[in-house]
Chemist: 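The structure under discussion is supplied below as structure tokens; questions concerning it will follow.
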Amino acid sequence: IVQFDLIEKYNRDPKTGLYYHGWDESKNEKWANKTTGLSQHFWSRGMGWYGMALVDVLDYLPKNHAGRPKLIHYLNQYAEAIVKVQDQTGTWYQVLDQGNRQGNYLEATGTAMFVYTLAKGTNKGYLPKKYKNNAIKGYQGILDEFIQVDENGIVNLTKCCSVAGLGGKPYRDGSYDYYINEPIRANDPKGTGPFILASLELNK
């Protein structure tokens with residue numbers, strides 16, 4: 001619960017409800033804002049992981065756990081924020097709030113994670129039923145934008161950001177150019193796994 005509280009306290013942007021990719025308490029990292037310690041951007045998969053964690057950890061918290069209502073509240077705030085930046089295709093951009101900016105692209109792994117989070121959240125009754133429509137629209141978007149079936153009938157999930165992080169060597173500075181220029185590939189497990197989970201939730 002404390003980890004979720006920290007993310008809500010530091011990473012969540014009160015204006016948009018979106019979550020910055022990283023926060024450095026020391027404010028020493030080159031990617032970190034010297035006042036807030038936050039990185040510059042809202043990265044799709046970074047937020048995707050968080051949504052999946054929120055909706056999954058509730059499976060393991062007893063019904064009477066004091067932190068449970070708080071986590072469900074966090075999940076509702078999260079859902080409200082991500083549907084506002086959902087593209088008309090149903091999918092989501094690599095840099096979530098900058099869909100019109102040159103070089104940005106619709107990205108499969110974050111999209112699959114958002115669809116799973118919304119589908120499971122509504123199935124479990126944590127989220128209002130209206131969000132199921134966003135999940136269905138997102139799933140159709142995955143099929144339309146990302147799924148390709150080759151001549152052998154093999155299903156491929158395209159447009160997966162291979163990896164993104166902050167710091168390290170070579171140094172990842174968290175700039176817009178950094179996020180849009182990381183390698184893109186098909187069938188990254190960080191996309192196929194959430195896609196399968198989303199499929200199972202929407203098939204219930």
Chemist: Not counting sequence neighbours, which residues clear ring-ring contact (aromatic ring centres under 6.0 Å, His included) with F42? List them please.
Modeler: Y20

Chemist: With rounding to the nearest 0.5 angstrom, report the OG1 to CD distance, T158 to Q148.
Modeler: 5.0 Å

Chemist: Is there a path of hydrophobic side-chain contacts, each under 4.5 Å between heavy atoms of I/L/V/M/F/W/Y residues, joining V57 to L118?
Modeler: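 Looking at the clustering, V57 is in the same group as L118.
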
Chemist: Testing the 3.5 Å rule here: is there a donor-acceptor pair between the side chains of S199 and E201?
Modeler: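 Short answer, no.
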
Chemist: Please list all pairs passing the salt bridge (Lys or Arg N to Asp or Glu O under 4.0 Å) test where one or both residues lie in residues 76-104, with sequence neighbours left out.
Modeler: E80-K84

Chemist: Could you please spell out the steps behind the side-chain contact (heavy atoms from CB on, under 4.5 Å) verdict for K159 and E145?
Modeler: CA-CA 9 Å; K159 292 287 185 73; E145 298 291 326; over 6 Å; no

Chemist: For N33 and Q40, does a side-chain donor sit closer than 3.5 Å to a side-chain acceptor?
Modeler: no

Chemist: Within a radius of less than 6.0 Å around CG of N100, do more than 12 heavy atoms belonging to other residues, nucleotides or ligands occur?
Modeler: no

Chemist: Check ring-ring contact (aromatic ring centres under 6.0 Å, His included) between W23 and all other residues, then give those that pass, not counting sequence neighbours.
Modeler: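 If we apply the ring-ring contact (aromatic ring centres under 6.0 Å, His included) test to W23, skipping adjacent residues, the hits are Y10.
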
Chemist: When rounded to the nearest 0.5 angstrom, what is the spacing between CG in N134 and CD in Q86?
Modeler: 5.0 Å

Chemist: What's the spacing between T111 OG1 and E107 CD if we round to 0.5 Å?
Modeler: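 Those atoms lie 6.5 Å apart.
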
Chemist: Sequence neighbours excluded, which residues qualify as side chain to side chain contact (heavy atoms under 4.5 Å, CB included) partners of N152?
Modeler: D150, I154

Chemist: Do you reckon L96 sits in the same ILVMFWY cluster as L166, going by side-chain contacts under 4.5 Å, direct or chained?
Modeler: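 Looking at the clustering, L166 is in a separate group from L96.
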
Chemist: Sequence neighbours left out, what pairs pass salt bridge (Lys or Arg N to Asp or Glu O under 4.0 Å) with at least one residue falling in residues 160-171?
Modeler: none

Chemist: What pairs of residues pass the salt bridge (Lys or Arg N to Asp or Glu O under 4.0 Å) test when at least one of them lies in residues 115-130, not counting sequence neighbours?
Modeler: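 The answer is D56-K120, D59-K120, D59-K124.
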
Chemist: Please determine, by modelled atom types, if Y78 and E8 share a side-chain donor-acceptor pair under 3.5 angstrom.
Modeler: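 On atom types as modelled, these side chains do not qualify, holding no pair under 3.5 Å.
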
Chemist: How close do L58 and L71 get, heavy atom to heavy atom, and via which atoms?
Modeler: CD2-CB, 4.0 Å

Chemist: What heavy-atom pair brings S44 and G110 nearest, and what distance separates the two atoms?
Modeler: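 Closest approach of S44 to G110, heavy atoms only: OG-CA, 3.2 Å.
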
Chemist: What's the verdict on ring-ring contact (aromatic ring centres under 6.0 Å, His included) for Y139 and F195, showing C-alpha distance, side-chain angles and the deciding distance?
Modeler: CA-CA 9 Å; Y139 192 80; F195 174 61; 5.5 Å; yes

Chemist: With a 4.5 Å cut-off on side-chain heavy-atom distances among I, L, V, M, F, W and Y, is there a chain of contacts connecting Y131 to L200?
Modeler: no

Chemist: Please step through side-chain contact (heavy atoms from CB on, under 4.5 Å) for the pair W31 and R172, ending with a clear verdict.
Modeler: CA-CA 8 Å; W31 54 258; R172 298 169 293 184; over 6 Å; no

Chemist: Using the test ring-ring contact (aromatic ring centres under 6.0 Å, His included), find all partners of Y93 that sit at least two apart in sequence or belong to another chain.
Modeler: none

Chemist: D13 versus Y19: any side-chain heavy-atom pair under 4.5 Å?
Modeler: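 Not touching, per the 4.5 Å side-chain cut-off.
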
Chemist: Test of understanding: with side chain to side chain contact (heavy atoms under 4.5 Å, CB included), list the residues that count as partners of N28, not counting sequence neighbours.
Modeler: D24, S26

Chemist: Apply side chain to side chain contact (heavy atoms under 4.5 Å, CB included) to K132 and list each qualifying residue two or more places apart in sequence or on a separate chain.
Modeler: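 By the side chain to side chain contact (heavy atoms under 4.5 Å, CB included) rule, K132 matches T122, N123, I136, L202.
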
Chemist: ring-ring contact (aromatic ring centres under 6.0 Å, His included) with F4: which residues, sequence neighbours excluded?
Modeler: Y50

Chemist: For N76, which residues count as a side chain to side chain contact (heavy atoms under 4.5 Å, CB included) partner, sequence neighbours excluded?
Modeler: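 For N76, the residues satisfying side chain to side chain contact (heavy atoms under 4.5 Å, CB included) (neighbours in sequence not counted) are I72, L127, P128.
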
Chemist: In terms of hydrophobic clusters joined by side-chain contacts under 4.5 Å, are Y60 and M52 together?
Modeler: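 In one cluster: no.
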
Chemist: Do W92 and Y179 sit in one hydrophobic cluster, given that two such residues count as connected whenever their side-chain heavy atoms are within less than 4.5 Å of each other, even indirectly?
Modeler: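 No, W92 does not connect to Y179 through the hydrophobic network.
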
Chemist: If you round to the nearest 0.5 Å, how far is CG of L38 from CD of E29?
Modeler: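 It is 13.5 Å, given to the nearest 0.5 Å.
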
Chemist: Do Y74 and R12 come close enough that some side-chain heavy atom pair is under 4.5 Å?
Modeler: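 They are not in contact (no side-chain heavy atoms under 4.5 Å apart), so the answer is no.
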
Chemist: Identify every side-chain donor-acceptor pair in residues 182-189 under 3.5 Å, counting partners at least two apart or on other chains, and give the distances.
Modeler:
| from | atom 1 | to | atom 2 | distance (Å) |
| --- | --- | --- | --- | --- |
| E182 | OE2 | Y178 | OH | 2.5 |
| R185 | NE | D188 | OD2 | 2.9 |
| R185 | NH2 | D188 | OD2 | 2.7 |
| N187 | OD1 | L157 | N | 2.7 |
| N187 | ND2 | N156 | OD1 | 2.7 |
| D188 | OD1 | K190 | N | 2.8 |
| D188 | OD1 | K190 | NZ | 3.1 |
| D188 | OD2 | K190 | NZ | 3.2 |

Chemist: Is the shortest side-chain heavy-atom distance between V55 and Y116 below 4.5 Å?
Modeler: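 Yes; the side chains approach each other to less than 4.5 Å.
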
Chemist: Between R45 and W43, is any pair of side-chain heavy atoms under 4.5 Å apart?
Modeler: yes

